[in-house]
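Single-structure report; data block below.
Order of the sequence lines fixes the chain letters, A, B, ..., with proteins taken first and strands second; residue numbering starts at 1 for each chain. Every heavy atom of this structure was used, including side-chain atoms; hydrogens, water molecules and symmetry mates were not. Not measured: the values here are computed from a predicted model.
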2 protein chains.
Amino acid sequence: MKLEQAAKQLEALGNPTRLKLYRTLVRAGETGRPVGYLQDALGIAASTLSHHLHRLILTGLVTQERQATTLICRANYPVMNDLLGFLADECCADAACGLAVGEAAA
Amino acid sequence: MKLEQAAKQLEALGNPTRLKLYRTLVRAGETGRPVGYLQDALGIAASTLSHHLHRLILTGLVTQERQATTLICRANYPVMNDLLGFLADECCADAACGLAVGEAAA
DNA sequence: CGGTTAATTCGAGAATTTTCGAAATAGTAT
DNA sequence: ATACTATTTCGAAAATTCTCGAATTAACCG
């Protein structure tokens, strides 16, 4: 993964509203959540949510699928995995960092 | 770790200049790097670098130690580990995400 | 077609970020 | 004390982000 792309994704996650949003989608799992549900859950204007969703989608961290009139949003795990991989490889390569990552997985 | 704090740290890393900066420090390992070295390496104004360093230090991702007239900067691994832990626990809990994290560590 | 629900786009204001050069500070050595 | 090197703080301009309400598009149903 390129550094620029990783920075974009980190920036996308580096906002409380978007991180909360992403976490909500992760917790929803494969099921995903409709935009309307997310709006209620986060308590923000629809246009604001749409803006944040757009940023997450641009980075590939979230995907959308239409189901009739509602749009289902899902966390896109492979992209998050690549990001974690970048951080582990590029930013923890020569330190005691792989250790804790191992712990997290264990 | 609290979500707000994680967002702050992700935001700190979510800027190409700061991510490059952090990676440089990680690669330097325990030795660390003086601010002046980082300025040459990144090719930015001293005041700009100081600003970015400040943000990384505020989030705890980077530490500084004075050695005579020069300030040595170091990546603060435990903080990065906590952040990766948060992402793994809070944002990949119920998915196939731990899998890739395990791979990165292996 | 006309109506209804779901979500995005538009337009705009407030706040924050990013960047720089110039000036100030910290520390050391002469 | 003076001078020198290393780094931060100040002040400010340009760009971006965040937020909202109003208007618009998308998909369905009767």
Please report the closest heavy-atom contact between B/Ala75 and B/Leu25, naming both atoms and the distance.
N-CB, 3.9 Å
Over how many whole Å does the gap from A/Ile72 atom CD1 to C/dT8 atom C1' extend?
16 Å
Side-chain heavy atoms of A/Tyr37 within contact of A/Thr70, under 4.5 Å:
no
What residues form a salt bridge (charged side-chain N to carboxylate O under 4.0 Å, His left out) with A/Arg33, not counting sequence neighbours?
none
Specify the closest pair of heavy atoms between A/Tyr77 and A/Gly29, including all atoms of both residues, with the distance to one decimal.
OH-CA, 3.5 Å
Going by atom type alone, with no hydrogens or angles, which donor-acceptor pairs under 3.5 Å involve a side-chain atom of residues 53-68 of chain B and a protein atom two or more places apart or on another chain?
residue: B/Thr59; atom: OG1; partner: B/Leu56; partner atom: O; Å: 2.9
residue: B/Glu65; atom: OE1; partner: B/Arg74; partner atom: NH1; Å: 2.9
residue: B/Glu65; atom: OE1; partner: B/Arg74; partner atom: NH2; Å: 3.1
residue: B/Arg66; atom: NE; partner: B/Ala68; partner atom: O; Å: 3.2
residue: B/Arg66; atom: NH2; partner: B/Thr69; partner atom: O; Å: 3.4

Pull out every residue in residues 60-71 of chain B that has a heavy atom closer than 4.0 Å to any atom of DNA chain C, ordered by number, or say none.
B/Arg66, B/Ala68, B/Thr69
Hydrophobic cluster identity match, B/Val79 and A/Phe86, side-chain contacts under 4.5 Å
yes
B/Val26 with B/Leu42, same ILVMFWY side-chain cluster at under 4.5 Å:
yes
Going 5' to 3' along DNA chain D, which are the first and last nucleotides with any atom under 4.0 Å from a heavy atom of chain B?
D/dA6 to D/dT9
Using distance only, find each side-chain donor-acceptor pair of residues 13-22 of chain A under 3.5 Å and give its atom names and separation, not counting sequence neighbours.
residue: A/Asn15; atom: OD1; partner: A/Thr17; partner atom: N; Å: 3.0
residue: A/Asn15; atom: OD1; partner: A/Arg18; partner atom: N; Å: 3.1
residue: A/Arg18; atom: NE; partner: A/Ala12; partner atom: O; Å: 2.7
residue: A/Arg18; atom: NH1; partner: A/His52; partner atom: ND1; Å: 2.9
residue: A/Arg18; atom: NH2; partner: A/Glu11; partner atom: O; Å: 3.4

Nearest-nucleotide check on DNA chain C, A/Pro34 vs B/Thr17; residue mapping nearer the 5' end is A/Pro34
Phosphate oxygens OP1/OP2 of C/dT18: is one of them under 4.0 Å from a side-chain N or O of B/Asn15?
yes
Taking side chain as C-beta onward, heavy atoms only, is B/Leu71 less than 4.5 Å from B/Pro34?
no
Determine whether A/Leu84 and A/Met80 make a side-chain contact, defined as any pair of heavy atoms from C-beta on separated by less than 4.5 Å.
yes
So do B/Ser50 and B/Thr48 actually touch side chain to side chain, heavy atoms under 4.5 Å?
no
Near-strand residues of residues 39-55 of chain B, defined as heavy-atom separation under 4.0 angstrom from DNA chain D
B/Ala46, B/Ser47, B/Ser50
Would you mind reading off the distance between A/Leu10 atom CG and C/dT17 atom C1', rounded to a whole angstrom?
17 Å
Whole-Å gap separating P (C/dA7) and OH (A/Tyr37)
13 Å
